There are 2 protein chains.
Amino acid sequence: MASEVRSRVTVIDVARAAGVSVATAARALGGYGSVSQASRRKVDEAAARLGYTPNMVARSMITGSTKTIGVIVADIENQFFQLVLRGVSRVLSEAGFDLVLANTEESIEVERRSLRVMTSRRVDGLILSPTEVADVAQIRAVADSGIPVVLLDRRLRGLKVDSVGIRNRAASHEATTYLLDRGHRQIAVVTGGGAEHAEELRSGNVGRLRRMSATTLGTRTAGYLEAIEAAGIAHVPDYVVANGFRQSDARTAARELMRLPQPPTAIMAFDSLLNLGVLQGLGDAGVRCPDQVSLIGFDDAPWAEVVDPPLTVIAQPTEEIGALAARQLLDRLGGESGAPMNHRLPVRLIERQSVARPPG
Amino acid sequence: MASEVRSRVTVIDVARAAGVSVATAARALGGYGSVSQASRRKVDEAAARLGYTPNMVARSMITGSTKTIGVIVADIENQFFQLVLRGVSRVLSEAGFDLVLANTEESIEVERRSLRVMTSRRVDGLILSPTEVADVAQIRAVADSGIPVVLLDRRLRGLKVDSVGIRNRAASHEATTYLLDRGHRQIAVVTGGGAEHAEELRSGNVGRLRRMSATTLGTRTAGYLEAIEAAGIAHVPDYVVANGFRQSDARTAARELMRLPQPPTAIMAFDSLLNLGVLQGLGDAGVRCPDQVSLIGFDDAPWAEVVDPPLTVIAQPTEEIGALAARQLLDRLGGESGAPMNHRLPVRLIERQSVARPPG
DNA sequence: CTGTTAGCGCGTTCAA
DNA sequence: TTGAACGCGCTAACAG
């Protein structure tokens, strides 16, 4: 039978029990100012006896710092964000910060709400992977209010804040070139974007793509386009799929690609869940990978080596992205005040067995 | 050039600008008490004009509630916890609570620290997946101090708090029986436990296993033992591996199992990363699954269907576990005061192709 | 419906 | 080195 101690013990209680003033007790407990050995001992003893726990809420109230960082991710279920989160969590906790987590599930409404929540919670800083249609003005308002913001994975046009990610255009260019070098001429991409981006993505207009607010999708698709055009291949709108970011969406996408009059001989997918979906879709369609169709995907995963066939991927240094974002944020909190940094970390193309020369 | 608005606007400012008292402004802004239409409009207008954001810290200070729930997981990188987190996050955010996350990486020290942090942050409730060697007294102290605690996945002997998970012993019993039914007599388990549990786990002493503080490992191993003993099979200590929970540990484990004078014909692994590791280890050892060795694992994963061979697994309703834990916590916060609930959710054995009859 | 006032728990003056 | 007193921004209690 637990006797619920609803009224918690305060510095005042400890002070009284130790026979010193509140100020002295607070100094001993909070580890600031100067306290004599004797007082410190009395206070510590009393605190232990009464079961005192400092009240961060009250402390934040007066110091103005909550020692928390807000982290807003687009989708916890995405491998990429899980690893990012791990990196973030590791460096923040080492620095004595805690982490308030929000998951937007790619909804702009939830993102707006989360941003408000983080502000009212007075987080000291914010790490954010904005949805594709982020409310730039709102984010800018947060940053302008003095809360350092670091963008994850995606950059936002017109928003001058730090960001950490990869060189998306170069990465997809590299992947596409890899396929071209092996003789592929019909290359499709499964972008994961939603219907609202389909038209833009399929337009084949590089300039427009690079101006999309959704920089990850836009720039990756741009890199792909530039590569095939440099190889003298015409853009086929049907080869650019934007029907959703779930595994099942990619699965459907792959099946439909294979039903095209002129099906692709290679497919590129933009994240690890999509890779998986495409692989399944190919299976459904009864086509063998890589004999009939090659596949290259973004993001390495623990299972990428074990699937059939083992997947050739563009690996992002995911955990490091998170760690770097956190470090960048801590730097800003430490007073660093230069121009916004856009950290672009290197990717690595890992060759396994999902890419072969096209049949025939 | 952002003009950093370091001094934020307060209720007082809004009140002044709206020409009403602080109380009225606070009532309008906080949405409590009663305010006339006219005042409300004036206040809202002033708040918008000044860019007022409520200060949750101050609010918590006086209401005594932070509207946050602490979530302490053993390992973010584990599939299981990611999905749990998603479930938790979904129901909490619907209820207007936010989530302070801590990742212990299976370290008891970090767990202790996290617990202190959560208390001093005055979280309204706590969802915790304790490490294998949890400090029960400390957790009890938290619960006794009036913060509802819900245990995830694992139960702790002697700790009377709510918990949500599966019937671990029954689940591994079921999996083992499934293997026995197909004719296997040499069945190994890769538990994921560390060296500190190896002796206990390998002891073959069911009573002792069920008394382990690490109930997940202990009870799962107990279920396995009971099943093989019921089938008249003697316990082989070498068939119980506890060399770590990383993918590479499982990989090593599988390789070593296959080097045994009498290698197993079937292996059971206790989580999805271990499944993967075992599969790789079998590949390293040059043995084909399921022709030469069968594999059954805990936890379904998006990729389980796509690996070679597709994995037969015991699937936990992971996201639902998280959701239920959150709901249980909200119930307690709502005043529910019955005896501790031990929710055990049903598992599902998903047959795919990694189990076959033993060779010969 | 509105305003006044006290105080949540702690860090921070300032004087002793 | 110590103590008394103020105030962070807000809500609750009470009077009007």
Side-chain angles (χ1 to χ4, degrees), chain A residues 5-44 46-47 50-68 117 119-124 145-146, chain B residues 5-44 46-47 50-68 117 119-124 145-146:
Chain A
V5 192
R6 254 271 147 267
S7 65
R8 305 193 136 280
V9 4
T10 74
V11 181
I12 304 187
D13 302 324
V14 176
R16 199 179 345 251
V20 298
S21 73
V22 273
T24 302
R27 282 191 268 255
L29 261 12
Y32 59 92
S34 33
V35 192
S36 67
Q37 290 292 342
S39 300
R40 163 156 295 125
R41 230 185 350 149
K42 283 190 292 183
V43 171
D44 286 350
L50 302 184
Y52 169 83
T53 20
N55 185 332
M56 263 303 282
V57 180
R59 183 173 295 177
S60 300
M61 182 90 171
I62 128 108
T63 61
S65 158
T66 54
K67 293 298 249 176
T68 56
V117 165
T119 331
S120 75
R121 288 207 178 281
R122 299 295 190 263
V123 294
D124 291 340
S145 80
Chain B
V5 192
R6 254 274 148 265
S7 66
R8 306 192 136 277
V9 359
T10 73
V11 180
I12 304 185
D13 301 324
V14 175
R16 202 183 338 254
V20 298
S21 74
V22 269
T24 302
R27 281 191 270 254
L29 262 12
Y32 60 91
S34 29
V35 193
S36 69
Q37 289 292 340
S39 300
R40 163 156 294 126
R41 228 180 352 136
K42 284 190 292 185
V43 171
D44 287 349
L50 301 185
Y52 169 81
T53 20
N55 186 332
M56 263 302 283
V57 180
R59 180 175 297 177
S60 300
M61 182 89 171
I62 130 103
T63 63
S65 159
T66 54
K67 293 297 250 174
T68 57
V117 165
T119 327
S120 76
R121 288 209 178 279
R122 299 296 191 258
V123 295
D124 291 341
S145 82

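Small disclaimer: the values here were computed from a predicted structure and weren't measured.
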Show me the donor-acceptor pairs within less than 3.5 Å that the side chains of residues 53-67 of chain B make with the rest of the protein, sequence neighbours left out.
from    : atom 1 : to       : atom 2 : distance (Å)
B/Thr53 : OG1    : B/Arg8   : NH1    : 3.2
B/Asn55 : OD1    : B/Val57  : N      : 2.8
B/Asn55 : OD1    : B/Ala58  : N      : 3.1
B/Ser60 : OG     : B/Met56  : O      : 2.8
B/Ser60 : OG     : B/Ser65  : O      : 3.3
B/Thr63 : OG1    : B/Arg59  : O      : 3.0
B/Thr63 : OG1    : B/Ser65  : N      : 3.2
B/Thr63 : OG1    : B/Ser65  : O      : 3.3
B/Ser65 : OG     : B/Lys67  : N      : 3.3
B/Ser65 : OG     : B/Asp124 : OD2    : 2.8
B/Thr66 : OG1    : B/Thr68  : N      : 3.4
B/Thr66 : OG1    : B/Thr68  : OG1    : 2.7
B/Thr66 : OG1    : B/Arg122 : O      : 2.8

Exercise. Where do A/Ala25 and A/Val20 come nearest, in terms of heavy atoms and distance?
Worked result: N-CG2, 4.0 Å
Exercise. side-chain contact (heavy atoms from CB on, under 4.5 Å) between A/Leu29 and A/Val14: does it pass, once the steps are laid out?
Worked result: CA-CA 9 Å; A/Leu29 261 12; A/Val14 176; 4.1 Å; yes
Problem set entry | Test item: A/Asp13 side-chain N/O and A/Thr10 main-chain N/O as donor-acceptor pair under 3.5 Å | yes
Seminar exercise, completed: Rounded to the nearest 0.5 Å, the OH atom of B/Tyr52 sits from the CG atom of B/Asp44 at a distance of 11.5 Å
Exercise. So, for A/Ala17 and A/Leu50, which heavy atoms are closest and what is the spacing to 0.1 Å?
Worked result: CB-CD1, 3.9 Å
Exercise. Base, sugar-phosphate, or nothing for A/Val35, non-hydrogen atoms under 4.0 angstrom?
Worked result: sugar-phosphate
For this session: Ignoring backbone atoms, establish whether B/Ser21 has a side-chain N or O less than 4.0 Å from OP1 or OP2 of C/dT2.
Result: no
Exercise. Base, sugar-phosphate, or nothing for B/Val20, non-hydrogen atoms under 4.0 angstrom?
Worked result: sugar-phosphate
Problem set entry | Nucleotide interval of DNA chain D bounded by contacts with chain B (heavy-atom cut-off, under 4.0 Å) | D/dG9 to D/dA13
Exercise. Heavy atoms under 4.0 Å, any strand shown: does A/Ser39 hit a base, just sugar-phosphate, or nothing?
Worked result: sugar-phosphate
Exercise. Does a side-chain heavy-atom distance below 4.5 Å link B/Val35 with B/Val43?
Worked result: no
Exercise. Checking all strands, does A/Ser34 fall into the base, sugar-phosphate, or nothing category for heavy-atom contacts under 4.0 angstrom?
Worked result: base
Exercise. Which letter, B, S or -, goes with each nucleotide of nucleotides 8-16 of chain C from 5' to 3', with contact meaning a protein heavy atom under 4.0 Å?
Worked result: BBBBBB---
Exercise. Minimum heavy-atom separation for B/Thr24 to B/Ser39, with atom names?
Worked result: CG2-CB, 3.9 Å
